[in-house]
Amino acid sequence: MSTLSSEKDTNAAADNYRNFIEEIIEQEIADGKNEKRVLTRFPPEPNGYLHIGHAKSICLNFGLAKKYKGLCNLRFDDTNPTKEDVEYVDSIMEDVKWLGFEWNEEPRYASDYFEQIYQWSEMLINKGLAYVCEMTAEEISASRGTPTIPGKASPWRNRPSAESLDLFHRMRAGEFPDGKYLLRAKIDMGSPNMHMRDPALYRIRHAHHHRTGNKWCIYPMYDWAHGQSDYIEGITHSICTLEFEVHRTLYDWFLDQIVEGNYRPRQIEFARLNLTYTLMSKRLLQDLVQCQIVDGWNDPRMPTISGLRRRGYTPESIRNFAERVGVAKRENVINVALLEFCLREDLNKKAPRVMAVLDPLKLVITNYPEGKTEYMIAENNQDDEHAGTREMPFSREIYIERDDFMENPSKKFFRLCPGGEVRLKNAYIIKCEEVIKDAAGNISEVHCSYDVNTRSGSENSNKKVKGTLHWVSIPQALSMEVRLYDRLFMDEDPADVEEGKTYLDNLNPNSIRIINAFIEPSVKNAKAGDIFQFQRLGYFCVDSKYSKEGKPVFNRTVTLKDHWTKKNE
RNA sequence: UGUCCGAUGGUGUAACGGUAGCACUGCAGAUUUUGAUUCUGCCUGCCCAGGUUCGAAUCCUGGUCGGACAACCA
C-alpha cells in the first residue's frame with residue numbers, strides 16, 4: 001500500500017475535514033469505545049463481479065482502516081449457495097488487490113461461522129425468541145402486513161421451545177424438503193419496521209455450497225449472519241449502504257441477544273455511488289453479459305473493476321475518484337466526467353506519447369527525395385524529463401488524420417488547408433500545394449512541399465505556424481486493430497425508462513467501433529496493459545484479451561479533452 | 001396513510017452559531033511543436049414558513065419535496 005501514501009488526498013489531506021463516518025470514529029476513539037480499535041470489513045456476496053460502486057466502498061473501508069491505524073477484513077457474505085460461486089470469489093480478490101489494498105490476514109467467509117450461528121439460533125429458541133414456522137412463503141408474505149398495516153402472528157408463533165428445537169435439529173439433519181420449515185425470530189408482528197415482524201433466520205436449501213459443499217442444508221439469512229460475523233471477527237464499524245438503514249434496528253436486536261462484554265460493532269450507512277450513463281445494478285450487468293450484449297464481465301465498456309482495468313483505467317485514478325466523490329448520506333449521481341477527469345489526470349503523467357492515425361489521408365511531400373528516410377527525435381513525454389526520447393521514421397509519403405485537412409476551412413480552422421502551412425510534429429513545416437481527388441470527387445491525396453530549414457530541433461525551427469499535426473510514415477507504419485469505445489447507454493439514467501421499454505432500448509449502437517489504424521513502429525512489441533497517448537487523439541492501452549505477440553490490439557481508454565471538435569458539432 | 005433517512009450552484013462535497021468555500025462541468029482568455037497539459041478569470045447555490053439569537057446553511061417547530069423498507073436475496 002506504499003503507493004497510497006505518496007498520493008495527494010484531495011479531500012482528506014485538506015486541513016481538518018472529516019466525513020461523517022470519520023467524525024463518528026473519532027468520537028468513539030475519544031470515548032474509548034472498543035478499546036479505541038478500528039477494524040472495518042469489505043463484505044461482498046460472491047455472486048457477481050465488483051463494479052465501480054464497490055470500489056467506493058472498498059476505498060472507504062480500507063481507507064478508514066489505514067487512516068486510523070486499524071485493519072480491514074475481506075469477508076465473503078456467502079449465505080445463499082444458489083447464487084454464489086468461486087469464480088466470483090477469485091475475481092473479487094483479484095480486483096481488491098489490483099485496486100491496491102491488502103486485507104487483514106486471510107479472507108473470511110460467513111460460511112466459516114455457520115456452526116456458531118447455528119448454536120446462537122438454538123440459544124434464541126431456548127430463550128423463547130425464535131420458533132420454527134410451517135407457513136408457506138406465500139402465507140408468510142400475506143401475514144406480514146404492509147408498511148401501514150400490522151402483520152398477523154403465525155399460528156406456530158407460540159410453539160414450545162422444545163418442539164422448535166427438535167424441528168430445528170431435524171431441519172439441519174436434512175429430514176425436510178426446501179421450504180417446509182422456517183426458523184423465525186419472535187420479535188413484533190406489529191412493529192412499524194417491517195424487518196422486525198418475525199424475520200426469517202434460517203431456511204432449508206438443499207443446495208451445494210461453493211465452500212461447505214453438502215455439509216449444510218439450512219442457511220442463515222443475511223440479517224442473522226452479517227452482524228454475527230461482524231461480532232465474531234471483532235469488527236468495530238460495519239459500513240454499508242443506505243438501503244440497510246431500516247435493518248439497523250434488527251442488527252442491534254440480534255447483537256443484544258449475543259453480545260457479552262463491552263465490545264460491540266456498529267452499523268453505519270452511507271450513500272452508494274451512482275454514475276451518469278452507467279448501470280450500477282449487478283443484476284442488469286449480469287443480463288448484459290448473459291445476453292452477450294457485451295464481451296463478458298470485463299468488457300472494456302463495463303463499469304466493473306475488471307472492465308475498467310481492461311479499458312485502461314489505473315488503480316490510482318479510481319482511488320482518487322473515490323476520494324473526490326466524498327462520503328455522505330444523501331442520494332447522489334456523479335457525473336461520469338469526473339471519473340474521466342481522474343483518469344486523464346493520472347494517464348497524462350504516465351502515458352508515453354506516440355503517433356497514430358485512425359482515419360488516414362495520404363500526404364505526399366513532393367519536394368522530399370524519393371526513397372529517403374530520416375529519423376526524427378520525439379519526446380516520449382514532454383512533461384516528464386525522465387521519459388526520454390525515441391526515433392520516428394519520416395519519409396516522402398505519410399498519413400495524416402482526415403480531420404486535419406479541410407478544403408474549404410472555416411475561419412478558426414488552423415490545420416491544413418489549400419495553400420496553408422502547418423507543422424508536422426517533430427518534423428518539418430509543410431505547405432499544401434495541391435489536392436488530389438478520385439473519380440467520385442473525394443479527396444484521395446494531398447500534395448505538399450516542405451521547408452528543409454524547419455526540421456524540429458534545428459536552429460531555424462522557430463518559425464511559427466498555428467497548427468501542428470500528428471502523422472505516420474507510410475512505409476514503416478504498422479496497421480493495427482484499434483477499438484474505439486463510447487458510453488454503453490445513451491441516456492443519462494439508463495435504468496430510468498418509460499413504460500413498455502427496458503434499459504436495453506437505451507443501448508448506444510455505436511458503443512464500440514473496431515478499425516484498423518496506422519501507428520508508428522515503436523509500439524510493435526507493446527504488451528497487454530501498456531498505456532500510450534496517441535497524440536491529439538486520446539489514451540489507448542493494449543488489450544489483454546485480443547492482443548498477440550507482436551500484434552497488439554489497442555483499446556481507446558479515453559479521448560483527450562477536446563474543445564475544438566466539441567464546438568464544431 | 002407507518003417507520004427510518006435525506007435536502008447547499010448544472011453535478012458532487014465543505015461550513016460544527018460569526019465573510020457560503022473546494023472540485024468537476026460550462027464559458028472566456030494566456031501559454032503551447034498535442035485545439036492536450038499548465039495558468040488566469042467568470043457564470044451559477046443555502047427547499048419553504050415561522051421561532052430562538054446581536055447574529056442561523058447550522059439550533060427549535062411546522063410544512064414541502066426526494067429516497068429506502070412489505071425475498072425463505074444480500
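Throughout, a chain's letter reflects where its sequence line sits, starting with A, and its residues are numbered from 1.
- Across all strands shown, B/G21 forms a Watson-Crick or G-U wobble pair, both distances under 3.5 Å, with B/U13.
- In this structure, a donor-acceptor pair under 3.5 Å is present between the side chains of A/Glu233 and A/Asn73.
- The backbone N or O of A/Glu492 sits nowhere less than 3.5 Å from a side-chain atom of A/Thr276 that would complete a donor-acceptor pair.
- For the P atoms, the distance from B/A23 to B/U40 is 10 Å, rounded to whole Å.
- Rounded to an integer number of Å, the gap from CG of A/Asp493 to P of B/G67 is 12 Å.
- Spacing between B/U32 and B/G26 at atom C1', rounded to whole Å, works out to 23 Å.
- Residue contacts for A/His226: at a heavy-atom cut-off of 4.0 Å it reaches no nucleic acid atom on any strand shown.
- Each of A/Glu379 and A/Leu338 lies near RNA chain B, and the nucleotide nearest A/Leu338 is the one positioned closer to the 5' end.
- Nucleotide B/C59 is matched to B/G51 when pairs are restricted to Watson-Crick or G-U wobble geometry with both distances under 3.5 angstrom.
- When rounded to the nearest whole Å, the span between CZ of A/Arg203 and C1' of B/A74 equals 9 Å.
- The interatomic distance linking A/Gln286 (CD) with B/A74 (C1') rounds to 14 Å, in whole Å.
- Side-chain contact annotation: A/Glu340 with A/Tyr313, donor-acceptor N/O pair under 3.5 Å absent.
- For A/Ala328, taking side-chain heavy atoms from C-beta onward, the closest of the listed nucleotides B/U1, B/A70, B/A14 is B/A14.
- Distances from the side chain of A/Arg144 to the nucleotides B/A74, B/C27, B/A70 place B/A70 closest.
- The C1' atoms of B/U58 and B/C47 are separated by 15 Å, rounded to the nearest whole Å.
- Of the C1' atoms belonging to B/G10 and B/C5, the separation is 25 Å, rounded to the nearest Å.
- Using a cutoff of 4.0 Å between basic side-chain nitrogens and carboxylate oxygens, A/Glu269 and A/Lys329 are scored as salt-bridged.
- Looking at the side chain of A/His563, the nearest of the listed nucleotides B/U13, B/C73, B/C27 is B/C27.
- The shortest distance between the side-chain N/O atoms of A/Ser141 and the OP1/OP2 oxygens of B/C72 is not below 4.0 Å.
- When the side-chain nitrogen and oxygen atoms of A/Arg324 are compared with OP1 and OP2 of B/U11, none of them lie within a distance under 4.0 Å.
- Taking atom P on both B/G41 and B/A7, the two are 32 Å apart, rounded to the nearest angstrom.
- Summarising the geometry, the separation between CG on A/Asn348 and C1' on B/C39 is reported as 14 Å, rounded to the nearest angstrom.
- Under a 4.0 Å N-O distance rule, the pair A/Glu22/A/Lys67 qualifies as a salt bridge.
- With hydrogens and angles disregarded, no donor-acceptor distance shorter than 3.5 Å links the side chain of A/Thr304 to the backbone of A/Leu50.
- For B/U33, neither phosphate oxygen OP1 nor OP2 lies less than 4.0 angstrom from any side-chain nitrogen or oxygen of A/Lys463.
- Taking atom C1' on both B/U52 and B/A28, the two are 46 Å apart, rounded to the nearest angstrom.
- One interatomic measurement links the two molecules: CE of A/Met194 to P of B/G2, which rounds to 15 Å at whole-angstrom precision.
- Between A/Gly145 and A/Phe341, the residue anchored nearer the 5' end of RNA chain B, judged by the nucleotide with its closest heavy atom, is A/Phe341.
- Side-chain proximity of A/Ile334 to the nucleotides B/C69, B/C72, B/G12 is greatest for B/G12.
- B/C16 and B/C72 are spaced 46 Å apart, taking the C1' atom of each and rounding to whole Å.
- Side-chain atoms of A/Lys561 lie closest to B/G26 of the nucleotides B/G26, B/C72, B/G35.
- Between A/Arg272 and A/Glu331, no side-chain nitrogen of the basic residue sits less than 4.0 Å from a carboxylate oxygen of the acidic one, so the salt-bridge criterion is not met.
- A/Gly227 approaches A/Tyr251 most closely through the heavy-atom pair CA-CE1, 3.4 Å.
- In this structure, A/Arg211 forms a cation-pi arrangement with A/Tyr109, its terminal cationic atom sitting closer than 6.0 Å to the ring centre and no more than 45° off the ring axis.
- As a whole-Å value, the separation of A/Ile140 CD1 from B/C73 C1' is 15 Å.
- A donor-acceptor pair shorter than 3.5 Å can be found between the side chains of A/Gln27 and A/Asp31.
- A salt bridge links A/Asp198 to A/Arg157: at least one charged side-chain nitrogen sits closer than 4.0 Å to a carboxylate oxygen.
- The existence of a salt bridge linking A/Glu401 and A/Arg536 is excluded, since no basic side-chain nitrogen approaches an acidic carboxylate oxygen closer than 4.0 Å.
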Give each protein N/O atom lying under 3.5 Å from an N/O atom of nucleotides 15-19 of chain B, with the pair distance.
unit_1: B/C16; atom_1: N3; unit_2: A/Glu23; atom_2: OE2; d: 3.2
unit_1: B/C16; atom_1: N4; unit_2: A/Glu23; atom_2: OE2; d: 2.0

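- Below the 3.5 angstrom threshold, one finds no donor paired with an acceptor across the side chain of A/His195 and the base of B/A68.
- Comparing B/A56 with B/U44, their P atoms sit 24 Å apart, to the nearest whole Å.
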Heteroatom pairs (N/O) under 3.5 angstrom, protein to nucleotides 4-10 of chain B:
unit_1: B/C5; atom_1: O4'; unit_2: A/Glu245; atom_2: OE1; d: 3.4
unit_1: B/C5; atom_1: O2'; unit_2: A/Glu245; atom_2: OE2; d: 3.1

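- Of all heavy-atom pairs spanning A/Arg197 and A/Thr146, the tightest one is NH2-O, 2.5 Å.
- The glycosidic torsion of B/A23 lies more than 90° away from 0, which places this base in the anti conformation.
- A donor-acceptor contact under 3.5 Å links the side chain of A/Ser456 to the base of B/U33.
- Defined by atom type and a distance below 3.5 Å, a donor-acceptor pair is present between the side-chain atoms of A/Asp230 and A/Ser238.
- Under the 3.5 Å distance criterion, with hydrogens and angles disregarded, no donor-acceptor pair is assigned to the side chains of A/His195 and A/Asp223.
- In this structure, A/Lys464 reaches the B/U33 phosphate: one of its side-chain N or O atoms is under 4.0 Å from OP1 or OP2.
- For B/U34, the base has no donor-acceptor partner in the side chain of A/Arg536 [N/O atoms by modelled type, under 3.5 angstrom].
- Among the nucleotides B/A74, B/U33, B/A36, the one closest to the side chain of A/Thr468 is B/U33.
- A/Ser141 places no side-chain N or O within donor-acceptor distance of the main-chain N or O of A/Glu139, the cut-off being under 3.5 Å.
- Side chain A/Gln533 to base B/U34: a donor-acceptor pair is found below 3.5 Å.
- Judged by distance alone, with hydrogens and angles left aside, A/Arg353 brings a side-chain donor or acceptor within reach of the base of B/U34, the pair sitting under 3.5 Å.
- Nucleotide B/C65 has B/G6 as its partner under the Watson-Crick or G-U criteria, with both atom distances under 3.5 Å.
- Atoms CZ (A/Arg197) and C1' (B/A70) sit 7 Å apart, rounded to a whole Å.
- Using a 4.0 Å cut-off on heavy atoms, the residues of residues 41-54 of chain A that approach RNA chain B are A/Glu45, listed by number.
- Here B/G26 sits opposite B/C42 as a Watson-Crick or G-U wobble pair (both hydrogen-bonding atom distances under 3.5 Å).
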